[in-house]
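Below: the structure, in C-alpha cells.
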Amino acid sequence: MDKIKQIEGQATVSKKVEVGIVCSRFNHFIVDKLEAGCLDALNRHSEGRIEVTIFRTPGAFELPLVASKAAKTARFSAIIALGAVIRGDTAHFELVANSCAQGLSNAALETGVPVIFGVLTVDTIEQAIERAGTKAGNKGYEAGVTAIEMISLLEQV
Ligand code: INI
C-alpha cells in the first residue's frame, strides 16, 4: 500500500448553507437547553454562513416524519433532531426512543441528507439535566458540531 487517502469533515462550512432543526416540545425544559447549545455551536462554527429554520413537534415520536419531510425538500444541508425521552414506569419509553432513533436513521438513509440524532434517551431527569448544559456537556451543542462535520464530509464523498 503506497498511499492512504483520508477524508474527513471540517469543523466549519465553506459556503452558505441552510440547516433545519426539528425540536420536540415534550420535556421542553430540557429541549430548550439543547436548542440553545445547538444554535451556539452553529453560530461559533459557521462564520455567519449558516441559516437556520426551526420546526417544532409535539414529542420525540413525531421528529422523524418532520425530519424526513424537511430533508426531502432538498433545501437543507443537514437536519438536526433535538428531543428528550425520559424513562417512566411503562414501556412507552422504549417505544418512543426506538421508533425515534430508527425513524431518524431511515430519514437520513432514504434522503442522503445527514439527520443528526440529538435526542437524549435517559433514565432520569437528573441525567437529562447533566447532558443539557451541565456536568456532562450539552448534547445539543455536540449535535450542531456533528451536523457541520457531516455537511463538510459529504461535500467530499
Ligand atoms: N415524548 C418525548 O419527547 N419524550 C418523552 O419522554 C415522552 N414520554 O415519555 O412519553 C414522549 N411521549 C410523547 C410522544 O413522543 C408522542 O408525542 C405521543 O405519543 C403522541 O404521538
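These numbers come from the heavy atoms of this one structure, side chains and all, not from hydrogens, waters or symmetry mates. First listed ligand is number 1; within each ligand, the first listed atom is number 1.
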Show me a pair-per-line table, with atom names and distances to 0.1 Å, of protein N or O atoms that are under 3.5 Å from an N or O of ligand 1.
unit_1	atom_1	unit_2	atom_2	d
ligand 1	3 (O)	Ala60	N	2.8
ligand 1	4 (N)	Ala84	O	2.8
ligand 1	6 (O)	Asn27	ND2	3.3
ligand 1	6 (O)	Ile86	N	3.0
ligand 1	15 (O)	Ala60	N	3.2
ligand 1	15 (O)	Phe61	N	3.1
ligand 1	17 (O)	Glu62	OE1	2.7
ligand 1	17 (O)	Glu62	OE2	3.4
ligand 1	21 (O)	Glu62	OE2	2.5

Result block: side-chain N/O donor-acceptor pairs under 3.5 angstrom for residues 143-157, not counting sequence neighbours:
unit_1	atom_1	unit_2	atom_2	d
Thr146	OG1	Glu142	O	2.7
Ser152	OG	Gln10	N	2.7
Gln156	NE2	Glu8	O	3.1
Gln156	NE2	Ser152	O	3.1

Give me the atom names and distance for the closest heavy-atom approach of Ala81 to Leu104.
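So the two residues come closest at CB-CD1, 3.6 Å.
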
Identify whether the distance between the nearest side-chain nitrogen and carboxylate oxygen of Arg56 and Glu35 falls below 4.0 Å.
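Salt bridge: yes.
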
Which residue pairs pass the ring pair (Phe, Tyr, Trp, His ring centres under 6.0 Å) test when at least one of the two sits in residues 26-63, sequence neighbours left out?
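Residue pairs passing ring pair (Phe, Tyr, Trp, His ring centres under 6.0 Å), neighbours aside: Phe55-Phe76.
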
For the pair Leu65 and Thr57, evaluate side chain to side chain contact (heavy atoms under 4.5 Å, CB included) and give the outcome as yes or no after the intermediate values.
CA-CA 10 Å; Leu65 177 59; Thr57 66; over 6 Å; no

Partners of Ala128 by side-chain contact (heavy atoms from CB on, under 4.5 Å), sequence neighbours excluded?
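Ala128: side-chain contact (heavy atoms from CB on, under 4.5 Å) contacts with Ile30, Ile86, Leu120, Val122.
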
